[in-house]
Amino acid sequence: MLTRLSRLRKSKKWSLQYTADRLGIAKSTYAGYESGYREPPLETLKKLADLLETSVDYLLGRIDNPAFYPKAWKVELHDKLKLTEARTRFDVELILDGAPLNEEEIKQCIAFVRTKRKLDTNA
C-alpha cells in the first residue's frame with residue numbers, strides 16, 4: 001500500500017501536508033501510512049481511496065488498476081446545502097478542481113460571494 005499511496009499522491013502533485021489536511025489528520029500520521037509504519041483505520045482507508053480517486057482494493061493491493069473508480073460511486077448533491085461560517089463541516093465533501101476544499105477555503109468562498117453580492121447590489 002505504501003508505494004501506491006505515494007505514487008497516487010505524487011501523481012496529483014500533492015505534498016504530504018496537503019494530503020493530510022484533506023484527510024483531517026496530522027502530517028506525521030499520513031507519512032506513517034506512506035512509509036508503512038502505520039496502518040490507516042478502515043474509515044481513513046475509505047477517505048484515502050475517495051480522495052485519491054481509486055478503490056480501497058487498489059490501495060490494499062487486491063487489484064492492479066488504480067483507475068478502477070466508477071463515476072457512479074460519486075454522489076451528486078441535488079438538495080440545498082446551507083453554507084455559513086459557523087458550520088463549515090459537512091457530511092459531504094466540497095471539491096474544486098479535483099481537490100477537496102478545507103475549512104478555511106470554504107470560509108473564503110463564503111466571504112467572496114457575500115462581497116460580490118454587495119458589490120452587485122450597489123452597482
Inset, instruction - Quick one: pull up CG in D21 and CD in E103 and give me the separation to the nearest 0.5 Å. - result: 11.5 Å
Legend entry - Distance, nearest 0.5 Å, that separates CZ of R114 from SG of C109: 12.0 Å
Legend entry - K10, NZ atom: more than 12 neighbouring heavy atoms under 6.0 Å: no
Legend entry - Co-membership, hydrophobic cluster, residues L101 and V113, 4.5 Å side-chain: no
Legend entry - Shortest non-hydrogen contact from S55 toward A49: C-CB, 3.8 Å
Inset, instruction - Working to the nearest 0.5 Å, report the span between OG of S15 and NZ of K27. - result: 7.0 Å
Inset, instruction - Indicate, with yes or no, if Y37 and Y30 share a hydrophobic cluster defined by side-chain heavy-atom contacts under 4.5 Å among Ile, Leu, Val, Met, Phe, Trp and Tyr. - result: no
Legend entry - Interatomic distance, T19 atom OG1 to E34 atom CD [nearest 0.5 angstrom]: 7.0 Å
Inset, instruction - Calculate, to the nearest 0.5 Å, the distance between atoms CG and OH belonging to L5 and Y33 respectively. - result: 10.0 Å
Legend entry - Spacing of CD belonging to E43 relative to NZ belonging to K47, to within rounding of 0.5 Å: 7.0 Å
Legend entry - Beyond-backbone contact of R7 with R4, side-chain heavy atoms, under 4.5 angstrom: yes
Legend entry - Check ion pair D120-K116 (N to O, under 4.0 angstrom): yes
Legend entry - Side-chain touch L51/W14, heavy atoms, less than 4.5 angstrom: yes
Inset, instruction - Spell out, as yes or no, whether a donor-acceptor pair under 3.5 Å connects the side chain of T29 to the backbone of I25. - result: no
Inset, instruction - Check whether any side-chain heavy atom of L48 lies under 4.5 Å from a side-chain heavy atom of V56, and answer yes or no. - result: no
Inset, instruction - May I ask you to establish whether R22 and Y18 are in a cation-pi arrangement, using a distance under 6.0 Å from NZ or CZ to the six-membered ring centre and at most 45° from the ring axis? - result: yes
Inset, instruction - Taking T44 for its side chain and P40 for its backbone only, find out whether a donor-acceptor pair lies under 3.5 Å. - result: no
Inset, instruction - Show the numbers, then the answer: is there a side chain to side chain contact (heavy atoms under 4.5 Å, CB included) between L59 and L8? - result: CA-CA 10 Å; L59 293 178; L8 288 168; 3.9 Å; yes
Legend entry - Beyond-backbone contact of L52 with Y58, side-chain heavy atoms, under 4.5 angstrom: no
